[in-house]
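Since the structure comes first, as structure tokens, the remarks are kept for the end.
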Number of protein chains: 2
Amino acid sequence: MTPQEKELYFNVALCSGLVLFGFDGEELKILIYRKKDDPYRGALTIPSKYVAPDTSNECVVQTMLKENIGIDDKNIYVEQLKAFVKVFRNPLGRVVNVAYYALVKLTPEIEKEAEKRNGLWVKYNEIPDLAFDHNEIISYAKERVKRRVKRRPIGFHLLPKEFTIAQLQSLYEKALDRELDKRNFRKKIFNSNLIIETGNTTDPKEYRKVAKLYRFDEEKFEKLSLKGYDFLF
Amino acid sequence: MTPQEKELYFNVALCSGLVLFGFDGEELKILIYRKKDDPYRGALTIPSKYVAPDTSNECVVQTMLKENIGIDDKNIYVEQLKAFVKVFRNPLGRVVNVAYYALVKLTPEIEKEAEKRNGLWVKYNEIPDLAFDHNEIISYAKERVKRRVKRRPIGFHLLPKEFTIAQLQSLYEKALDRELDKRNFRKKIFNSNLIIETGNTTDPKEYRKVAKLYRFDEEKFEKLSLKGYDFLF
DNA sequence: TCAAAAGTGTTCACTGTACACCCATGG
DNA sequence: CCATGGGTGTACAGTGAACACTTTTGA
């Protein structure tokens with residue numbers, strides 16, 4: 001490669017975009033921000049951050065998780081979506097956004113933590129207009145999650161350690177954007193043998209009727225992951 | 001963004017990588033090259049090309065199709081896989097490879113054309129060691145094609161206008177990397193109503209027994225594509 | 001006593017899969 | 001006459017989808 005070519009081609013910026021899905025037991029939400037700098041000051045965006053040439057995109061995603069919701073945990077489920085590469089995405093120059101999505105269990109603390117840092121949690125089905133091509137990125141992320149949820153038990157990343165079947169079903173309904181039959185859902189979940197009764201129940205003060213709590217069988221999950229796909233909805 | 005930041009971040013090169021799948025009626029193949037320049041002179045690679053900051057990645061893919069196999073056709077099926085972004089992919093600097101795959105119907109002419117231009121067609125299941133992370137890219141592409149083939153009738157992009165059921169089945173077997181039952185396959189294909197008997201048959205000189213030729217019902221295909229997924233294998 | 005959510009089985013249609021033989025033709 | 005590949009139907013199991021009532025308990 002000639003020096004001229006080097007100057008021509010090594011002239012692109014790289015950034016990581018993050019579609020952060022959070023589930024609070026009832027609602028599936030996505031974290032967005034109001035931009036505080038140019039370009040598009042004041043517009044809404046998903047979390048995005050430039051990547052220095054000697055830093056990995058995945059590292060920047062971890063940094064964003066730490067900065068945006070205060071989570072410093074390597075076990076958060078993160079997966080690349082694809083690159084968004086349109087020429088005129090950004091007025092500063094050619095910026096390639098390599099988009100990722102991540103799944104987190106929301107607690108009131110995490111929600112507040114993100115809001116303290118100027119984040120906004122918006123419902124999965126009520127995404128406002130965003131800057132750049134970020135709406136397109138979110139659509140792509142939602143499709144990916146729909147597909148993953150149908151095939152792999154990634155839903156467990158979004159739930160607390162112990163959860164009720166109703167919470168699990170609610171999550172699947174939100175992610176797939178359709179109602180599921182309660183009896184069929186339970187049959188399917190129990191047949192998968194991926195969840196185990198913990199023996200605990202919900203706090204009687206919180207609900208009208210106590211519900212059994214379950215946890216996820218990690219061993220079975222590992223085997224299933226290795227084998228490939230299963231767990232269809 | 002400060003000028004210092006601009007200098008720091010706008011320092012990455014962008015390239016399009018292409019996993020080109022071709023089917024000749026019997027074998028599913030991938031096109032690779034022997035590299036003629038540094039770095040890794042002499043190593044095998046998939047077609048890749050730097051993208052100038054004012055050019056779209058998709059455009060570069062079209063250019064590669066033209067340069068590598070002499071096909072100048074906007075109807076070739078092309079889809080982005082994802083970005084391959086490791087920091088030390090390339091000794092010249094940070095190069096982000098946005099990988100695509102494309103599907104083409106191979107004729108002896110196209111195969112020879114590509115070979116004239118130094119291309120090598122390797123069988124889907126006999127991929128040699130490649131430079132950079134190109135083996136990883138091909139693995140990812142194969143997984144994507146497997147999934148797509150199961151869900152959408154993209155197989156038709158790899159076949160000539162008129163084809164036999166045996167050719168179609170052979171393609172599916174190669175792509176999915178397993179044998180399929182002849183009767184079940186025919187049942188499934190005919191039930192999908194996606195193919196139409198043309199009334200023509202194969203040339204009696206070519207085969208021991210003539211076989212009916214079919215074509216693909218584009219109208220039904222459009223409807224099916226819009227509706228979403230179907231056509232499971 | 002009523003509203004709200006937990007929990008529980010059966011039936012039917014469809015789809016995937018396993019499986020074997022006859023026919024036409026060229027060598 | 002035989003090797004090759006085209007073409008055809010049935011039976012069984014498993015899964016998806018539709019569907020309604022009882023129980024518990026807090027308000």
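Proteins get letters first, then strands, A, B, ... in listed order; numbering begins at 1 in each. Source: prediction; values computed, not measured.
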Discussion item. Just the rounded figure in Å: distance from C1' of D:dT24 to NZ of A:Lys209.
Written reply: 5 Å
Discussion item. Under the rule for side chain to side chain donor-acceptor pair (under 3.5 Å), what residues qualify as partners of B:Arg117, not counting sequence neighbours?
Written reply: B:Glu113
Worksheet entry | Residue pairs fulfilling side-chain hydrogen bond (donor to acceptor under 3.5 Å, both in side chains) with at least one residue in residues 128-141 of chain B, sequence neighbours excluded | B:Lys86-B:Glu136, B:Arg89-B:Asp133
Fill in: A:Lys188 vs D:dG16: side-chain N/O to OP1/OP2 distance below 4.0 Å
yes
Worksheet entry | B:Ile189 CD1 to D:dG7 P, straight-line distance once rounded to whole Å | 14 Å
Discussion item. If you count heavy atoms of other groups shown closer than 6.0 angstrom to CD of A:Glu218, is the number above 12?
Written reply: no
Worksheet item: For A:Tyr101, which residues count as a side chain to side chain donor-acceptor pair (under 3.5 Å) partner, sequence neighbours excluded?
Response: A:Glu79
Item to complete: Rounded to the nearest angstrom, tell me the gap between atom CD in B:Glu179 and atom C1' in C:dC19.
Response: 15 Å
Check residues 26-34 of chain A and write down every donor-acceptor pair under 3.5 Å in which the side-chain atom is one partner and the other belongs to a residue at least two apart or another chain.
from: A:Lys29; atom 1: NZ; to: A:Asp24; atom 2: OD2; distance (Å): 3.1
from: A:Lys29; atom 1: NZ; to: A:Glu111; atom 2: OE1; distance (Å): 3.0
from: A:Tyr33; atom 1: OH; to: A:Asn68; atom 2: OD1; distance (Å): 3.0
from: A:Arg34; atom 1: NH1; to: A:Gly42; atom 2: O; distance (Å): 2.8

Worksheet item: Separation of A:Phe185 atom CZ from C:dG7 atom C1', in whole Å?
Response: 14 Å
Worksheet item: Residues in salt bridge (charged side-chain N to carboxylate O under 4.0 Å, His left out) with B:Asp72, at least two apart?
Response: B:Lys66
Discussion item. What does the B/S/- profile of nucleotides 8-14 of chain D look like, 5' to 3', with a 4.0 Å heavy-atom cutoff to protein?
Written reply: BBB----
Fill in: Interatomic distance, A:Leu180 CG vs D:dA18 P [rounded to whole Å]
11 Å
Worksheet item: In whole angstrom, what separates A:Asp203's CG from C:dA5's C1'?
Response: 16 Å
